[in-house]
**Student:** 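My structure is below; once you've seen it, I'll send some questions.
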There are 2 protein chains.
Amino acid sequence: MFPKKVHYGLRFLLTLSGLAEGTHLGVAEIAEREQLSVKFLEAIAVTLRKEGIVDVRRGAGGGYSLARPLKEITLYQIVLALDEKLDKEISTEGHNTEKAVGRFLVSVRNDYGRLLRRVTLEKLKNYYAEENERIMYYI
Amino acid sequence: MFPKKVHYGLRFLLTLSGLAEGTHLGVAEIAEREQLSVKFLEAIAVTLRKEGIVDVRRGAGGGYSLARPLKEITLYQIVLALDEKLDKEISTEGHNTEKAVGRFLVSVRNDYGRLLRRVTLEKLKNYYAEENERIMYYI
DNA sequence: TTTTATCCTATTTATTTAATAGGATTTAAC
DNA sequence: GTTAAATCCTATTAAATAAATAGGATAAAA
């Protein structure tokens, strides 16, 4: 249901969430850790930066960091940035039934948007912490 | 955000919703009214029938009708039938962050599923009625 | 038995998503 | 300043999915 860009983008952000205040991490390093294509992840990073979700320091020694606290970054912003179909216009013109269907689907999309706005990266971080506890348990 | 199959499928169902009890309407007729590709709509109709959303009478004089009252047909059933990506498996295996992201996205998809289950065709019909009133107003 | 409609399978075309490639730009470090 | 390390930009290719088309098999009413 979610394109790979969203999956990878979330892994990228989750990795950044482990960074100490004021530090940065490069795409090459993250791609290596996460076993993802450097170039593909690079494009994702640029998109997230343009959306104001991450901050960047260009040049040597640079890299990315989260622009805001986890609970202030919503899944809506991320999906909107990385999944073009969320945006794609729904026609509310034309034939009679077409208008009705268009308005109906717009209202559903709005509800979906509200849902996504209520979910923040904090929740993702919790899933991640849970996962690590599970591993700790076996050691 | 929704594939054309869903748009067309809803227009198809909305058209059927105007039918008198016990009557049927053929795909060719509906495609003509709605200005849609007959063959494409045909495939959509078959899918909706397999999902139990519409009933069919084969042979001459046959056609489709709604299988249940409007308020008992949810958008979830329709989208599940016509949009394959809703189903597509989300990997909750592999790398650490991959698991966390997988479980996180599964939970979001579940919330979305609940949202879609709360929306029925009755609501679509209301949008349609509204639309017609708007037109009546100008006459 | 003919006609009308659904149903099935396959193919083609268009669009979108994913991935790759090469180099331009920026800036810290030396 | 020069170099090295990183982001950024543009273009292209490859793969996957969605949309549309085509032809005929099957079913059943007329």
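Residue numbers begin at 1 in each chain, while the letters A, B, ... track the order of the sequences. All values below come from the heavy atoms of this structure, side chains included, with hydrogens, waters and symmetry mates left out.
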**Student:** Judged by each residue's nearest nucleotide on DNA chain D, which is more toward the 5′ side, B:G59 or A:G63?
**Tutor:**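 Mapping each residue to its closest nucleotide by heavy atoms, the 5'-most match is A:G63.
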**Student:** Whole angstroms only, please: what is the CD-C1' distance between B:E32 and C:dA5?
**Tutor:**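 It is 16 Å, rounded to the nearest whole Å.
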**Student:** Quick check: any donor-acceptor pair below 3.5 Å linking the side-chain of A:R58 to the base of C:dT25?
**Tutor:**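 Such a pair is found, so the answer is yes.
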**Student:** Whole-Å distance between D:dA14 P and A:K4 NZ?
**Tutor:**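 In whole Å, D:dA14 P lies 18 Å from A:K4 NZ.
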**Student:** Within the pair B:K39 and C:dT12, is there a side-chain N or O less than 4.0 Å away from OP1 or OP2?
**Tutor:**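 For C:dT12, OP1/OP2 do not have a side-chain N/O of B:K39 under 4.0 Å.
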**Student:** Check the distance between C:dT4's P and B:L25's CG and give it to me in whole angstrom.
**Tutor:**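 It works out to 16 Å between those atoms.
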**Student:** Side chains of B:L13 and B:V54: closer than 4.5 Å at any heavy-atom pair?
**Tutor:**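 In short, these two side chains touch, coming nearer than 4.5 Å.
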**Student:** Salt bridge check, B:E29 against B:R33: does any charged N sit closer than 4.0 Å to a carboxylate O?
**Tutor:**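 Here B:R33 pairs with B:E29 in a salt bridge, since their nearest N and O are under 4.0 Å apart.
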**Student:** What is the distance from OH of A:Y64 to P of D:dT7, rounded to the nearest Å?
**Tutor:**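 To the nearest whole Å, that distance equals 5 Å.
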**Student:** Does the side chain of B:R49 get closer than 4.0 angstrom to OP1 or OP2 of C:dT6 through an N or O atom?
**Tutor:**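 No, because none of the side-chain N or O atoms of B:R49 sits under 4.0 Å from OP1 or OP2 of C:dT6.
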**Student:** Report the distance from atom CG of B:L86 to atom C1' of D:dA18, rounded to the nearest whole Å.
**Tutor:**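 For the pair B:L86 CG and D:dA18 C1', the rounded distance is 16 Å.
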**Student:** From CG of A:L16 over to P of D:dT7, roughly how many Å is that when rounded to an integer?
**Tutor:**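 Whole-Å distance recorded here is 11 Å.
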**Student:** Within the side chain of A:R11, is there an N or O that forms a donor-acceptor pair under 3.5 Å with the backbone of A:E34?
**Tutor:**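 At least one qualifying donor-acceptor pair exists.
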**Student:** Find which nucleotide of DNA chain D each of B:G61 and A:A28 is nearest to by heavy atoms, and output the residue with the more 5' nucleotide.
**Tutor:**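 On the 5' side of the pair lies A:A28.
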**Student:** For C:dT20, does OP1 or OP2 lie under 4.0 Å from any side-chain N or O of A:S37?
**Tutor:**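 For C:dT20, OP1 or OP2 has a side-chain N or O of A:S37 closer than 4.0 Å.
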**Student:** Considering only heavy atoms from C-beta outward, does the side chain of A:L36 approach that of A:I44 to under 4.5 Å?
**Tutor:**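 The answer is no; the side chains never approach within 4.5 Å.
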**Student:** Taking the side chain of A:A60 as heavy atoms from C-beta outward, which of C:dA18, C:dT3, D:dA4 is closest to it?
**Tutor:**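 Looking only at side-chain atoms, A:A60 lies closest to D:dA4.
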**Student:** Report yes if at least one side-chain N or O of B:K50 is closer than 4.0 Å to OP1 or OP2 of C:dC7; otherwise report no.
**Tutor:**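 For C:dC7, neither OP1 nor OP2 has a side-chain N or O of B:K50 closer than 4.0 Å.
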**Student:** Identify whether the distance between the nearest side-chain nitrogen and carboxylate oxygen of B:K125 and B:E122 falls below 4.0 Å.
**Tutor:**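 A salt bridge is absent here (no side-chain N lies under 4.0 Å from a carboxylate O).
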**Student:** Here's a test of your reading of the structure: between A:E42 and A:Y8, which maps to the more 5' nucleotide of DNA chain C?
**Tutor:**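 In this pair, the answer is A:Y8.
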**Student:** Could you check how far NZ of B:K5 sits from P of D:dA20, rounded to whole Å?
**Tutor:**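 In whole Å, D:dA20 P and B:K5 NZ are 11 Å from each other.
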**Student:** Taking atom C1' of C:dA19 as reference, at what distance in whole Å does atom CD of A:Q35 sit?
**Tutor:**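 The distance from CD of A:Q35 to C1' of C:dA19 comes to 16 Å, rounded to the nearest Å.
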